[in-house]
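For reference, the structure is listed below as structure tokens.
These numbers were taken from a predicted model, which means no experiment stands behind them. Each residue takes its place number in the sequence, starting with 1.
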Amino acid sequence: MNTLFAANWKMHKTAAEARQTAAELVGLVSGKLKAGREVMILPSFTALAPVAEALRGAANFLLGAQNFYPQKQGAFTGEVSPGMLLEAGASFALAGHSERRHVLGETDALVGTKTAFGLESGLGVILCVGEKIDERRAGELKSVLERQIRAGVRDVPRDIAPERLVLAYEPVWAIGTGEVAGPREILEAHAFVRSMLAEIFGASASAMRILYGGSVKPDNASEIIALDNVDGVLVGGASLKADEFSRIVLA
Ligand code: PGA
């Protein structure tokens with residue numbers, strides 16, 4: 001299983017800026033990436049095709065999208081279908097990012113519908129889970145993760161190819177705050193996510209990647225990546241500059 005370094009650009013960068021940053025990143029990383037690593041860029045919808053162009057021919061670079069709607073087509077103003085993303089060159093998409101859950105109001109049930117539909121449509125899906133600070137303080141870490149994971153994979157076929165379903169543990173209190181979860185907190189959460197996946201998917205759970213996200217930076221990336229059950233990182237703020245993200249990817 002390849003270690004995944006995913007750059008979630010959120011609502012940043014015009015298409016031209018995204019293309020330029022992607023091209024810079026390819027220049028900085030190509031030929032230097034350690035074996036067994038892959039890099040994914042998740043730009044906004046309008047930048048997907050230009051970034052796909054910039055990544056063309058770059059070994060171990062993938063394109064992902066940040067969101068999609070779980071229907072093939074129809075009267076869903078403002079939404080984008082998995083088929084449209086695949087056509088633009090994306091092979092993966094996020095589902096259940098905390099900003100979609102907590103800013104845009106997505107429910108556990110919708111995230112579950114999206115995860116299953118995205119996979120069925122041919123996308124790989126990165127299902128994001130994580131607790132808010134008040135939930136952690138109330139001792140609800142495991143119950144929140146269990147609820148989000150069970151609902152998230154509710155309709156996913158139990159024989160899904162394990163490389164197509166990626167989990168991302170992103171404690172909400174560590175996203176964009178500069179506050180990173182400590183090694184003990186990451187180990188505990190990731191071991192719990194792995195055990196849930198094993199209960200649900202059996203042996204193939206060991207080949208599913210679990211990413212950590214939340215204030216990953218060049219100076220903490222290698223320590224985080226080395227932890228048990230951490231198979232990559234999902235990076236927001238520190239992925240926006242090619243130089244900074246290249247130092248995470250090459251760490
Ligand atoms: P951050 O964001 O790296 O800026 O904390 C991570 C994410 O939201 O995926």
Side-chain angles (χ1 to χ4, degrees), residues 3-12 39-43 64-68 92-108 110-112 114-115 118 124-138 140-153 165-197 208-218 220-221 223-240 244-245 248-249:
T3 305
L4 178 60
F5 294 78
N8 175 13
W9 285 351
K10 310 192 179 186
M11 200 174 73
H12 292 284
V39 181
M40 186 185 298
I41 298 182
L42 301 103
Q66 298 170 20
N67 185 37
F68 58 93
F92 269 83
L94 300 180
H97 188 276
S98 71
E99 287 145 24
R100 304 272 345 151
R101 293 177 188 267
H102 304 305
V103 183
L104 284 309
E106 289 193 8
T107 61
D108 289 334
L110 177 61
V111 173
K114 289 170 80 161
T115 301
V125 172
I126 302 176
L127 169 62
C128 306
V129 297
E131 82 288 4
K132 295 192 278 192
I133 192 64
D134 51 326
E135 294 167 329
R136 171 168 281 270
R137 288 193 183 128
E140 293 167 2
L141 169 71
K142 289 183 179 169
S143 61
V144 169
L145 294 182
E146 175 163 3
R147 191 192 75 230
Q148 293 179 341
I149 293 169
R150 283 200 196 282
V153 303
L165 178 62
V166 178
L167 269 283
Y169 170 63
E170 298 201 300
V172 179
W173 46 273
I175 295 179
T177 58
E179 197 170 331
V180 194
R184 228 180 328 114
E185 291 156 325
I186 299 176
L187 283 168
E188 182 191 21
H190 280 238
F192 182 72
V193 172
R194 183 79 69 199
S195 70
M196 289 285 319
L197 292 174
M208 285 173 179
R209 287 172 288 188
I210 307 174
L211 313 183
Y212 169 77
S215 297
V216 175
K217 307 279 181 234
N220 60 28
E223 185 194 3
I224 292 171
I225 288 292
L227 296 171
D228 264 3
N229 288 312
V230 175
D231 309 303
V233 284
L234 179 54
V235 187
S239 73
L240 291 169
E244 191 173 12
F245 190 54
I248 292 175
V249 167

Check your understanding: Could you walk me through whether Thr177 and Trp173 pass the side-chain contact (heavy atoms from CB on, under 4.5 Å) check?
Key -> CA-CA 7 Å; Thr177 58; Trp173 46 273; 5.9 Å; no
**Study point:** For the student: nearest non-hydrogen atoms of Ile126 and Ala168, plus distance
**Key:** CG2-CB, 3.9 Å
Study note, to complete from the structure: Interatomic distance, OH@Tyr169 vs CG@Leu127, rounded to 0.5 Å, equals 14.0 Å
Revision key, fill the gap. Correct closest heavy-atom pair for Ala6 and Leu42 would be CB-CD1, 3.9 Å
Review point. Under the 3.5 angstrom rule, does the side chain of Asn220 hit a backbone N or O of Ser215 as a donor-acceptor pair?
Key: yes
Review point. Hey, are the side chains of Pro171 and Arg136 touching, using non-hydrogen atoms and a 4.5 Å cut-off?
Key: no
Practice item. Mark yes or no for whether Arg194, through its side chain, and Met208, through its backbone, hold a donor-acceptor pair below 3.5 Å. Key: yes
Review point. Could you give the distance from CD (Glu131) to CD (Gln148), rounded to the nearest 0.5 Å?
Key: 8.5 Å
Point to revise | Atom of His12, atom of Leu240 and distance for their closest heavy-atom approach | key: CB-CD2, 3.7 Å
Study note, to complete from the structure: Here the gap from Ile149 atom CD1 to Ser195 atom OG, rounded to the nearest 0.5 Å, amounts to 8.0 Å
Can you give each donor-acceptor pair under 3.5 Å made by side-chain atoms of residues 185-193, sequence neighbours left out, with the distance rounded to 0.1 Å?
| unit_1 | atom_1 | unit_2 | atom_2 | d |
| --- | --- | --- | --- | --- |
| Glu185 | OE1 | Gly182 | N | 2.6 |
| His190 | ND1 | Asn229 | O | 2.9 |

Check your understanding: Looking at Ala95 and Val125, what are the two nearest heavy atoms and their distance?
Key -> CB-CG1, 3.8 Å
Practice item. Would you list the pairs meeting side chain to side chain donor-acceptor pair (under 3.5 Å) in which at least one residue belongs to residues 99-108, sequence neighbours left out? Key: Lys10-Glu99, Arg100-Glu106, Arg101-Asp108, Glu106-Lys114, Asp108-Arg147
Review point. Rounded to the nearest 0.5 Å, how far does CD of Glu140 lie from NZ of Lys132?
Key: 10.0 Å
**Study point:** Gln66 versus Trp9, side-chain donor and acceptor atoms under 3.5 Å
**Key:** no
Check your understanding: Passes side-chain contact (heavy atoms from CB on, under 4.5 Å), Met40 versus Leu4? Steps please.
Key -> CA-CA 7 Å; Met40 186 185 298; Leu4 178 60; 3.9 Å; yes
Review point. Less than 4.5 Å apart, any side-chain heavy atom of Ile224 and any of Val180?
Key: yes
Practice item. Over all heavy atoms of both residues, which pair between Ala174 and Ala181 is shortest? Give the atoms and the distance, please. Key: CB-N, 4.3 Å
Practice item. Using atom types as modelled and distance alone, determine if a side-chain donor or acceptor of Tyr212 lies under 3.5 Å from a backbone N or O of Leu227. Key: no
Check your understanding: With Cys128, which of Val166, Leu94, Asn8 fulfils side chain to side chain contact (heavy atoms under 4.5 Å, CB included)?
Key -> Leu94
**Study point:** Derivation and outcome, side-chain contact (heavy atoms from CB on, under 4.5 Å), residues Val129 and Val111
**Key:** CA-CA 10 Å; Val129 297; Val111 173; over 6 Å; no
Exercise for review: Please check if atom NZ in Lys217 has more than 12 non-hydrogen atoms from other residues, nucleotides or ligands closer than 6.0 Å.
Suggested key: yes
Review point. Taking side chain as C-beta onward, heavy atoms only, is Leu211 less than 4.5 Å from Val233?
Key: no
Practice item. Please test Leu234 against Val216 for side-chain contact (heavy atoms from CB on, under 4.5 Å), starting from the C-alpha separation and ending with a verdict. Key: CA-CA 8 Å; Leu234 179 54; Val216 175; over 6 Å; no
Check your understanding: Under the 3.5 angstrom rule, does the side chain of Glu146 hit a backbone N or O of Met196 as a donor-acceptor pair?
Key -> no
Point to revise | Non-hydrogen atoms of Phe5 and Thr3 that approach each other most closely | key: CE1-CG2, 3.7 Å
